[in-house]
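Data block below; observations after.
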2 protein chains.
Amino acid sequence: MTTEQSKSDISRARILDAAAKTFRQKGYAATTLIEIARAADMQAGSLYYHFGSKDELLEEVLDIGMRRVHEAVEESQEHLPPGSSHRDRIRAAVEAHLTTLLKLDDYTSANIRIFGQIPEDVRRRHIKLRDAYAELWRRILAKAQKSRALRSDIDLGLVRMLLMGALNWSVEWYQPGRTSIQTMADHMCLMLFSGIGIDETARSSEDETIA
Amino acid sequence: MTTEQSKSDISRARILDAAAKTFRQKGYAATTLIEIARAADMQAGSLYYHFGSKDELLEEVLDIGMRRVHEAVEESQEHLPPGSSHRDRIRAAVEAHLTTLLKLDDYTSANIRIFGQIPEDVRRRHIKLRDAYAELWRRILAKAQKSRALRSDIDLGLVRMLLMGALNWSVEWYQPGRTSIQTMADHMCLMLFSGIGIDETARSSEDETIA
DNA sequence: TTTAAAATCGAACTAGTGTTAGAAAAAATG
DNA sequence: CATTTTTTCTAACACTAGTTCGATTTTAAA
């Protein structure tokens, strides 16, 4: 028990890394403890010294992934230059979300990919973190709307789901090198705020009603 | 072998329905043949009279799901009123995609949800249908861009992925009754074409460059 | 170096899976 | 009704998974 981390902590981290990576690649049910153990340079039985069950391991991977993206987006809001527009704020949040999801974080991408296939009780215990993250986005968007940076005649909850969908779905197709995360964020924010249509009738976008 | 469907065909369809439903709910690996059989009012062994393996069953579910959404979107383009704008065309495609995905079609939603977790060889054999569907969307969007209904300074492939993501992700959160598919399509198209931002600097959207 | 604790191994167990094949039942045919 | 074919059942098989636990090794303390 020195100032550094014990051997147990190192192994634990190695196992979690291996689990996150394998879960992300193969999904939850298809991932075997033998695979995780091999990726962590261990025997399957040894995992039980650190984790009580496969579900416990899953739960920790999910939690870490959600906390990381939450913190990343939260930080992106705190480190904004003073006087940033709401568009800048949202743009920063989008980029933070994408970066965490796509850049070297198997935890968050595993979370996003396998959330729909996890056992009921694990989901129940994890859902709080999900809700908290959703609430963060809700606040960001609502503030923008209140400040008249976003139209008021729209269903902001629906917009949030469409936005998160566009971002989250990238775990299914994103390949490093083909498109930069900045380009993705640029396109996403352009669509969100201005759209990519060329108005043939030449009326301003505020004229259209939706609800 | 009458003009109607044989008993075998009926059972086959019942099994496929049960499989699609269960795959969509639980994912591929977590779904057991016992569950599928129970949902189809049969014993697990009896499935093998109709299908050679679990993978074969999966493959057919995937193919049916992809064909259905492909046909739905294709039809939406053929049944457009003459003189429809490109925005109308895309709006029709969006609605067709969402309707197939969310309204009583376990096949398409199963496809979208579990595609990331299927065995390698099944994916390889299924990928053609996926590509064909992507190509359909590529054509629709490219035509709109060529007709100057969409900006030319954007990465249309990226826009397509973001759009499909926003739509496909709805299988993870959509609940019938809370939001209508029309409202979803409205919001999606409004975002895509006009955006939902209120331009504080009051310059037109065409002034912004992205690439 | 000795000794106790921490960490891992290795082999076994149980449960549940996809799959098979012969028996049984249902349907169709003559 | 008799008989053949189609369809389903039943029971078993082979295999793999998650899990357990005593033996063994590694690490740290005295």
Side-chain angles (χ1 to χ4, degrees), chain A residues 1-23 25-62 110 114 117-122, chain B residues 1-23 25-62 110 114 117-123 125:
Chain A
M1 50 183 79
T2 67
T3 57
E4 302 172 12
Q5 49 189 350
S6 68
K7 183 184 182 188
S8 179
D9 289 338
I10 295 175
S11 294
R12 225 183 120 84
R14 213 173 59 228
I15 294 170
L16 283 169
D17 284 349
K21 186 175 182 174
T22 318
F23 282 149
Q25 280 176 198
K26 308 214 170 186
Y28 169 66
T31 291
T32 159
L33 290 184
I34 296 174
E35 287 176 293
I36 295 178
R38 182 171 7 178
D41 265 314
M42 296 183 81
Q43 294 300 111
S46 309
L47 301 178
Y48 283 82
Y49 180 79
H50 301 276
F51 298 93
S53 69
K54 187 186 180 186
D55 280 9
E56 234 177 68
L57 189 45
L58 167 67
E59 212 171 320
E60 195 146 339
V61 168
L62 291 176
I114 72 181
Q117 356 161 356
I118 64 179
E120 180 58 31
D121 52 320
V122 177
Chain B
M1 52 181 81
T2 67
T3 57
E4 302 174 12
Q5 49 189 351
S6 68
K7 183 185 182 186
S8 178
D9 290 337
I10 295 174
S11 294
R12 224 183 121 84
R14 213 172 58 226
I15 294 170
L16 282 169
D17 284 350
K21 187 173 181 176
T22 317
F23 282 149
Q25 282 177 196
K26 308 213 171 188
Y28 169 66
T31 291
T32 158
L33 291 183
I34 296 173
E35 286 176 295
I36 295 177
R38 183 175 8 188
D41 265 314
M42 297 183 79
Q43 294 301 111
S46 308
L47 301 178
Y48 283 82
Y49 180 78
H50 301 276
F51 299 92
S53 68
K54 187 186 179 185
D55 281 9
E56 234 177 68
L57 187 46
L58 167 68
E59 212 170 320
E60 195 146 340
V61 169
L62 291 175
I114 72 181
Q117 357 162 355
I118 64 179
E120 183 56 32
D121 54 319
V122 177
R123 168 187 276 108
R125 250 167 292 140

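In what follows, chains carry the letters A, B, and so on, assigned in the order in which the sequence lines appear, proteins first and then strands, with residues in each chain numbered from 1. Values below: every heavy atom of this structure, side chains too, minus hydrogens, waters and symmetry copies.
Rounding to the nearest 0.5 angstrom, the gap separating the CG atom in L57(A) from the CD1 atom in I36(A) is 5.0 Å. Atom CZ of F23(B) is separated from atom CD of Q117(B) by 10.0 Å, given to the nearest 0.5 angstrom. Once rounded to the nearest 0.5 Å, the distance linking CG of L33(B) with CD of Q43(B) reads 12.5 Å.
Heavy-atom neighbours of K21(A) NZ from other residues, nucleotides or ligands within 6.0 Å: at or below the threshold of 12.
Side-chain atoms of K54(A) come within 3.5 Å of backbone N or O of T31(A) as a donor-acceptor pair.
A sub-4.0 Å separation between OP1 or OP2 of dT20(C) and a side-chain N or O of Y48(B) is absent.
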Criterion side chain to side chain contact (heavy atoms under 4.5 Å, CB included) on R12(A) and E60(A), from CA distance to verdict: CA-CA 11 Å; R12(A) 225 183 120 84; E60(A) 195 146 339; 2.4 Å; yes

Derivation of the side chain to side chain contact (heavy atoms under 4.5 Å, CB included) call for L58(A) and F51(A): CA-CA 10 Å; L58(A) 167 67; F51(A) 298 93; over 6 Å; no

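The minimum heavy-atom distance between A29(B) and A30(A), with the atom names listed, is CB-N, 3.8 Å. When all heavy atoms of S46(A) and H50(A) are compared, the closest pair comes out as O-CD2, 3.8 Å.
Under the 4.0 Å criterion applied to side-chain N and carboxylate O atoms, R125(B) and D121(B) are assigned as salt-bridge partners.
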Table of protein N/O atoms under 3.5 Å from nucleotides 7-10 of chain C N/O atoms:
| unit_1 | atom_1 | unit_2 | atom_2 | d |
| --- | --- | --- | --- | --- |
| dA7(C) | OP1 | S8(A) | N | 3.2 |
| dA7(C) | OP2 | Y49(A) | OH | 2.6 |
| dT8(C) | OP1 | S11(A) | OG | 2.7 |
| dT8(C) | OP2 | H50(A) | NE2 | 2.5 |
| dC9(C) | OP2 | Q43(A) | N | 3.0 |
| dC9(C) | OP2 | S46(A) | OG | 2.9 |

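For L57(A) and dA17(D), the CG to C1' distance is 15 Å, given to the nearest whole Å. Protein atom CG of L47(A) is 13 Å distant from nucleotide atom C1' of dT20(D), rounded to whole Å.
An angle of 10°, rounded to 10°, separates the two end axes of the helix from dT1(C)-dA30(D) to dG30(C)-dC1(D), each defined over five pairs.
Within residues 26-38 of chain B, the residues approached by DNA chain C to less than 4.0 Å at the level of any non-hydrogen atom are T31(B), T32(B), L33(B), I34(B), in residue-number order.
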